[in-house]
Amino acid sequence: MHEYTSSARVWGLSCPGFPEEVSRARRWTRDILRGSPLAEDAELIVSELSANAILHSASGQASGSFHLALAVSPQVIALSVTDDGGTGTAPKVEHQDQEAEHGRGLGMVSALAHRVVVHSSQNGHTVTAELFIDTRPGAHPC
């Protein structure tokens, strides 16, 4: 394989920051990953990250938006959601009690994904969840 050739495929989607766009993000993910054993986990992750972007950032304000990227390689599925920022703190896993109505989404994403990375910039936050395709003992994703 040529050094500049990649076996990864990448898709992107931008959505207005309306709550109904979360279901669009789920359908988009499901359609791309149709047939993958990780499709349901990926769909749930995208749903949580998209809802978080709308609820906890400027993405949910008038003219706000959020952006999804989905990369698939033979080793990993990487799902990224970028919000419009507007908050002083980066997304983080919070440990909530059983009665809490909010605050468990990123914890659930962390439980489903093999790795979660949060990247902050002056334009917003990107949360990337990675699902390793080959999870046999001793196997490494890259």
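Note that these values count all heavy atoms, side chains included, but never hydrogens, waters or copies made by symmetry. Residues take their numbers from the sequence shown, with the count starting at 1.
Under the side chain to side chain donor-acceptor pair (under 3.5 Å) criterion, Thr29 pairs with no residue at all, not counting sequence neighbours.
Here the side chain of Ser50 pairs no donor or acceptor atom with the backbone of Val22 at under 3.5 angstrom. Remark: side-chain polar atoms of Asp83 are paired, donor with acceptor, to backbone N or O of His125 under 3.5 angstrom. A donor-acceptor pair under 3.5 Å is formed between the side chain of His114 and the backbone N or O of Phe132.
Taken from OG1 in Thr128 to CD in Glu130, the straight-line distance is 7.0 Å, to the nearest 0.5 Å. Taken to the nearest 0.5 Å, the CD atom of Glu21 stands 8.0 Å off from the CG atom of Leu13. Atom CE of Met108 is separated from atom CD of Glu48 by 3.5 Å, given to the nearest 0.5 angstrom. In this structure, Leu33 CG and Glu40 CD are separated by 11.5 Å, a value rounded to the nearest 0.5 Å. Atoms CD and CD1, on Glu20 and Ile54 in that order, are 8.0 Å from each other to the nearest 0.5 Å.
When all heavy atoms of Leu106 and Asn52 are compared, the closest pair comes out as N-ND2, 4.1 Å. For Val81 against Ala53, the heavy-atom pair with the smallest separation is CG1-CB, 4.2 Å.
Counting only heavy atoms from C-beta outward, the side chains of Val127 and Leu79 never approach each other to under 4.5 Å. For the pair Ser36/Arg30, no side-chain contact is recorded, criterion being any heavy-atom separation below 4.5 Å from C-beta on.
Put simply, Ile45 and Val10 are part of two different groups of oily side chains (I, L, V, M, F, W, Y) that touch within less than 4.5 Å, one to the next. Under the 4.5 Å side-chain heavy-atom criterion for ILVMFWY residues, no single connected hydrophobic cluster contains both Phe18 and Val46. Hydrophobic clustering, with ILVMFWY side chains joined whenever heavy atoms are under 4.5 angstrom apart, groups Val109 together with Val118.
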Scan the side chains in residues 64-72 for donor-acceptor partners under 3.5 Å anywhere in the protein, sequence neighbours excluded, and list what turns up.
| from | atom 1 | to | atom 2 | distance (Å) |
| --- | --- | --- | --- | --- |
| Ser65 | OG | His67 | NE2 | 3.3 |
| His67 | ND1 | Ser14 | OG | 2.7 |

